[in-house]
Novice: 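Have a look at the structure that comes next, please.
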Amino acid sequence: VQLQASGGGLVQTGTSLTLSCVASGFSLRNYATAWFRQAPGKEREGVGCISSGDGGADYAESVQGRVTISRDNAKNTVYLHMSTLKPEDTAIYYCAAVNFPPRYGCAANPTLTYDYWGQGTLVTVSS
């Protein structure tokens with residue numbers, strides 16, 4: 001039973017990137033899923049989240065308009081699509097899942113307790 005985040009890499013400013021969060025051993029559609037990032041020397045911050053089932057997404061103000069979170073329940077995967085990347089987006093990106101029903105919505109709050117965490121994937125945006 002695990003979450004695995006992938007898709008990071010070295011990209012140039014202004015480009016786009018999609019990260020994947022794949023669940024194995026459980027059905028991710030039953031879990032609200034959040035994305036976080038942690039830049040060198042900084043605290044982990046929430047990027048956004050998506051509710052379980054076919055619920056909606058919510059985003060941090062710092063990335064609003066540049067980020068889209070979606071899920072493909074058939075692939076047991078949640079995606080984080082980032083566009084117009086900036087050097088300040090450089091960080092290790094993590095996904096985490098919590099067993100919330102759709103009516104609970106979602107949250108990307110690093111102080112909350114999540115059932116599963118992915119191992120992180122590094123995104124480096126060059127200027």
Side-chain angles (χ1 to χ4, degrees):
V1 177
Q2 65 176 0
L3 276 181
Q4 184 167 0
S6 64
L10 175 62
V11 297
Q12 292 186 333
T13 296
T15 60
S16 300
L17 190 66
T18 298
L19 306 181
S20 300
C21 177
V22 182
S24 58
F26 67 100
S27 179
L28 194 55
R29 73 167 294 149
N30 297 325
Y31 288 72
T33 304
W35 284 95
F36 300 88
R37 65 185 181 183
Q38 189 164 17
K42 295 188 177 181
E43 294 186 352
R44 189 171 297 186
E45 66 171 347
V47 176
C49 61
I50 188 167
S51 301
S52 62
D54 297 320
D58 194 18
Y59 306 101
E61 286 190 11
S62 60
V63 298
Q64 189 82 34
R66 298 193 297 120
V67 168
T68 302
I69 296 175
S70 61
R71 61 166 72 239
D72 184 336
N73 292 325
K75 295 183 177 180
N76 222 20
T77 301
V78 167
Y79 301 99
L80 173 67
H81 178 73
M82 301 181 289
S83 62
T84 319
L85 284 163
K86 307 173 183 179
E88 50 264 43
D89 293 318
T90 295
I92 299 174
Y93 284 74
Y94 301 89
C95 58
V98 60
N99 192 3
F100 277 2
R103 67 182 184 276
Y104 282 16
C106 69
N109 185 336
T111 66
L112 296 178
T113 298
Y114 292 83
D115 297 311
Y116 303 105
W117 281 88
Q119 85 288 3
T121 185
L122 176 63
V123 174
T124 303
V125 184
S126 63
S127 58

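Just so it is clear, the values below take in all heavy atoms, side chains as well, and ignore hydrogens, waters and symmetry mates.
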Novice: Tell me the closest heavy-atom pair linking Arg71 and Arg29, and the distance in Å.
Specialist: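 Taking every non-hydrogen atom into account, NH1-CA, 3.4 Å.
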Novice: Shortest non-hydrogen contact from Leu85 to Ser16?
Specialist: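 So the two residues come closest at CD1-C, 4.0 Å.
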Novice: With side chains defined as the heavy atoms from C-beta onward, is the minimum distance between Val78 and Tyr31 less than 4.5 Å?
Specialist: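 They are not in side-chain contact.
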Novice: Quick one: side chains of residues 90-104, donor-acceptor pairs under 3.5 Å with protein atoms, not counting sequence neighbours, listed by atom name and distance.
Specialist:
from: Thr90; atom 1: OG1; to: Pro87; atom 2: O; distance (Å): 2.9
from: Thr90; atom 1: OG1; to: Val125; atom 2: N; distance (Å): 2.9
from: Tyr93; atom 1: OH; to: Arg37; atom 2: NH1; distance (Å): 3.0
from: Tyr93; atom 1: OH; to: Asp89; atom 2: O; distance (Å): 2.6

Novice: Taking the side chain as every heavy atom from C-beta outward, state whether Thr77 and Leu28 have any pair of such atoms under 4.5 Å apart.
Specialist: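 Thr77 does not reach Leu28 side chain to side chain.
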Novice: With heavy-atom distances below 4.5 Å as the criterion, would you say the side chains of Asn76 and Phe26 are in contact?
Specialist: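 Of all side-chain heavy-atom pairs linking Phe26 with Asn76, none is under 4.5 Å.
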Novice: SG of Cys49 to CG of Asn109: how many Å apart, nearest 0.5 Å?
Specialist: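 Interatomic distance, Cys49 SG to Asn109 CG, rounded to 0.5 Å: 10.0 Å.
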Novice: If two hydrophobic side chains count as joined below 4.5 Å and joins carry through other members, does Val22 share a cluster with Leu122?
Specialist: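 No: no chain of side-chain contacts under 4.5 Å links Val22 to Leu122.
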Novice: Rounded at 0.5 Å granularity, tell me how far CG in Leu17 sits from OG1 in Thr121.
Specialist: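 It is 8.0 Å, given to the nearest 0.5 Å.
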Novice: A quick test of your reading: do over 12 heavy atoms of other residues, nucleotides or ligands sit less than 6.0 Å from CD of Gln64?
Specialist: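 Yes.
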Novice: Met82 versus Arg66: any side-chain heavy-atom pair under 4.5 Å?
Specialist: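 Result no, sub-4.5 Å side-chain heavy-atom pair not found.
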Novice: Looking at every heavy atom in both Ala107 and Ala34, which two are closest together, and how far apart are they?
Specialist: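 Looking at all heavy atoms of both residues, the closest pair is O-CB, 3.5 Å.
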Novice: Calculate, to the nearest 0.5 Å, the distance between atoms CD1 and SG belonging to Ile50 and Cys21 respectively.
Specialist: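 Going from the CD1 atom of Ile50 to the SG atom of Cys21 covers 11.0 Å.
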Novice: Check the hydrophobic clustering (I, L, V, M, F, W, Y; side-chain heavy atoms under 4.5 Å; chains of links allowed) and say if Tyr116 and Tyr79 are grouped together.
Specialist: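 No, Tyr116 and Tyr79 fall in different hydrophobic clusters.
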Novice: If every non-hydrogen atom of Leu19 is compared with every non-hydrogen atom of Trp35, which pair is closest and at what distance?
Specialist: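 Nearest pair, atom of Leu19 first, then Trp35: CB-CH2, 3.7 Å.
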Novice: Does any N or O in the side chain of Gln119 come within less than 3.5 Å of the main-chain N or O of Ala5, such that one atom is a donor and the other an acceptor?
Specialist: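 Judged by distance alone, yes, a pair lies under 3.5 Å.
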Novice: With under 30° as parallel and over 60° as perpendicular, where do the rings of Phe36 and Tyr114 fit, or are they tilted in between?
Specialist: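 Perpendicular.
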Novice: Tell me the closest heavy-atom pair linking Cys106 and Ala32, and the distance in Å.
Specialist: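 That closest heavy-atom pairing would be CB-CB, 3.9 Å.
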Novice: Search all heavy atoms of Gln12 against all heavy atoms of Thr15 and return the closest pair with its distance.
Specialist: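 Smallest heavy-atom distance, with atoms named: O-OG1, 2.6 Å.
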Novice: Within the 4.5 Å heavy-atom criterion, are Ser126 and Leu10 side-chain neighbours or not?
Specialist: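 Of all side-chain heavy-atom pairs linking Leu10 with Ser126, at least one is under 4.5 Å.
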Novice: In the single-linkage hydrophobic clustering (I, L, V, M, F, W, Y; side-chain heavy atoms under 4.5 Å), do Leu80 and Trp117 co-cluster?
Specialist: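 In one cluster: no.
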